[in-house]
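Predicted model only: the values in this text are computed from it and were never measured. The sequence lines fix the lettering, A, B, ..., with proteins before strands; numbering per chain opens at 1.
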2 protein chains.
Amino acid sequence: MTISHRQFRRGTVVRAEHGPLGDIMVVTDGWLFSSALLEDGRRQIMRLHFRGDLVGLDGLAYDRAPDTISALTDAQVCLIDRVALGRMFIDHPRLCAFLFAIQQIDRVVLAERLISLGRSSAKGRVAALLMWIANRMQFANIAIDGGFVLPVTQEEIGDLSGLTAVHVNRTMRALADQGLIARSGTTLRILDMERLAHLANYSERRPVLDPVWLPLAD
Amino acid sequence: MTISHRQFRRGTVVRAEHGPLGDIMVVTDGWLFSSALLEDGRRQIMRLHFRGDLVGLDGLAYDRAPDTISALTDAQVCLIDRVALGRMFIDHPRLCAFLFAIQQIDRVVLAERLISLGRSSAKGRVAALLMWIANRMQFANIAIDGGFVLPVTQEEIGDLSGLTAVHVNRTMRALADQGLIARSGTTLRILDMERLAHLANYSERRPVLDPVWLPLAD
DNA sequence: CGGAGCTTTGACCGGCGTCAATGAGAGTGG
DNA sequence: CCACTCTCATTGACGCCGGTCAAAGCTCCG
């Protein structure tokens, strides 16, 4: 399998909704996101894709892209050959089972976001979003305690959380006034993770990626 | 693989959040749903599980149940042995790839619901929900044109769409007043599928479950 | 006949959207 | 070094959609 990379500039469309599928990719640097446009021009961002995330798998079940994938920051991806992936299903069942389990985690994360959009106030939604991002950064071994750069505009936070940019601004100001977060420029610092998690209705999940249910192969 | 079935009465909990995982199942009759409770007592229903749906797969990646699964109607499921599923990954890679593709569809459906909760008005949310259910029933070869029984209370519609039961009532009344649907008892009839789809921001997706990307095995 | 569960309706209110204006940087060219 | 512009953040005024509270109907069932 030859490995090829591609670069995308911030704001670039990687794959457009209803268009051709494009490749399956792994994010090797930067952030991508999947979004959909409504006909009145509003946008909803469904997922953020961080370094290491597998992107574009929905191409395995559709013939047109079900959503738009764009680069949130300058980003680099590594292309994955579809047929090579297919071969993996045959040659490496354990790896395939591992992928399958990862899909479940992805789905649970989506479900959590659904809960947040369906049942939380603006504060709760933004808090949940920040917790989600903070967790992913910690997972990527990026220290958070001293603050971190949020490469996301307030408009994008709105599109992620189902709010307007204006109200995101007011909400983040409220969170800061309450001493939960501190902002300076694009740097954000979480001051009270516990209360923020509570606001977000956040509950710790423990993924277990060891497929004990899979018989030893070979 | 021995096949065992279980019955659940309407309202029964099949598997409780944070509790043990329980089995992987296929719904053979009735409807199930996955939901989460917030600490203020509100509830969000993430998914409906119809006949033929594979349920409980998240057990492959967690050691505690990430959400609650309950019976929406009296229901019957067929239990699937975890290890037998594991063996399938090794013995039947094409079937495994098929499952993988189905997971993608599931995720796209979740993403559509996320869009709806994030960016639609009450009318749009309820319309999207009705479109979703109607489609699943058509997919199961149940005729819809003459109306069909909706085994869902308005409170449950609220928990599905992120609204209160009271507002669901007003919203459905409005949809009926506009001539989009007709209701009598638990029977619902879609009078103007086109306008309803438009309200719901519904767009037809064409799943392609033929894994052409998978090399021929064996 | 009585109760339980669900639906329906009204009155009122608050959170969030909308519209509009201003401020604050960052980059660019003169 | 200074206009100029473009993007993004911020703030205020105001209105509406959907939540809240409360009270009645309706249907089914024992």
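Looking only at distances, no side-chain donor or acceptor of B:Asp74 sits under 3.5 Å from a matching main-chain atom of B:Arg9. With hydrogens and angles disregarded, no donor-acceptor distance shorter than 3.5 Å links the side chain of A:Arg125 to the backbone of A:Leu163. Checked by atom type and distance alone, the side chain of B:Ser70 never pairs as donor or acceptor with a backbone atom of B:Gly11 at under 3.5 Å.
For A:Phe8, there are no ring pair (Phe, Tyr, Trp, His ring centres under 6.0 Å) partners at least two apart in sequence or on another chain. Residues forming a ring pair (Phe, Tyr, Trp, His ring centres under 6.0 Å) with A:Phe100 (at least two apart in sequence, or on another chain): B:Phe89.
Here B:Leu130 contributes atom CG and B:Leu180 contributes atom CG; the two are 10.0 Å apart, rounded to the nearest 0.5 Å. Taken to the nearest 0.5 Å, the CG atom of A:Leu57 stands 11.0 Å off from the CD atom of B:Gln103. Taken from CD in B:Gln178 to CZ in B:Arg195, the straight-line distance is 6.5 Å, to the nearest 0.5 Å.
OP1 and OP2 of D:dA9 both lie 4.0 Å or more from every side-chain N or O belonging to A:Asn169.
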Can you give the donor-acceptor pairs under 3.5 Å from side chains of residues 134-142 of chain B to other protein atoms, not counting sequence neighbours?
{"from": "B:Asn135", "atom 1": "ND2", "to": "B:Met131", "atom 2": "O", "distance (Å)": "3.2"}
{"from": "B:Asn135", "atom 1": "ND2", "to": "B:Tyr202", "atom 2": "OH", "distance (Å)": "2.7"}
{"from": "B:Arg136", "atom 1": "NH2", "to": "B:Asp53", "atom 2": "OD1", "distance (Å)": "2.9"}

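Minimum heavy-atom separation, A:Ile69 to A:Ser34: CG1-OG, 4.1 Å.
Here the range on DNA chain C touched by chain B, meaning any atom under 4.0 Å from one of its heavy atoms, is C:dC6 to C:dA11.
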Output one letter per nucleotide in nucleotides 12-30 of chain D: B when a protein non-hydrogen atom lies under 4.0 Å from the base, S when only the sugar-phosphate is that close, - when neither is. BB----BBBB---------
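For the helix from C:dC1-D:dG30 to C:dG30-D:dC1, the rotation axes defined at the first and last 5 base pairs enclose an angle of 30°, given to the nearest 10°.
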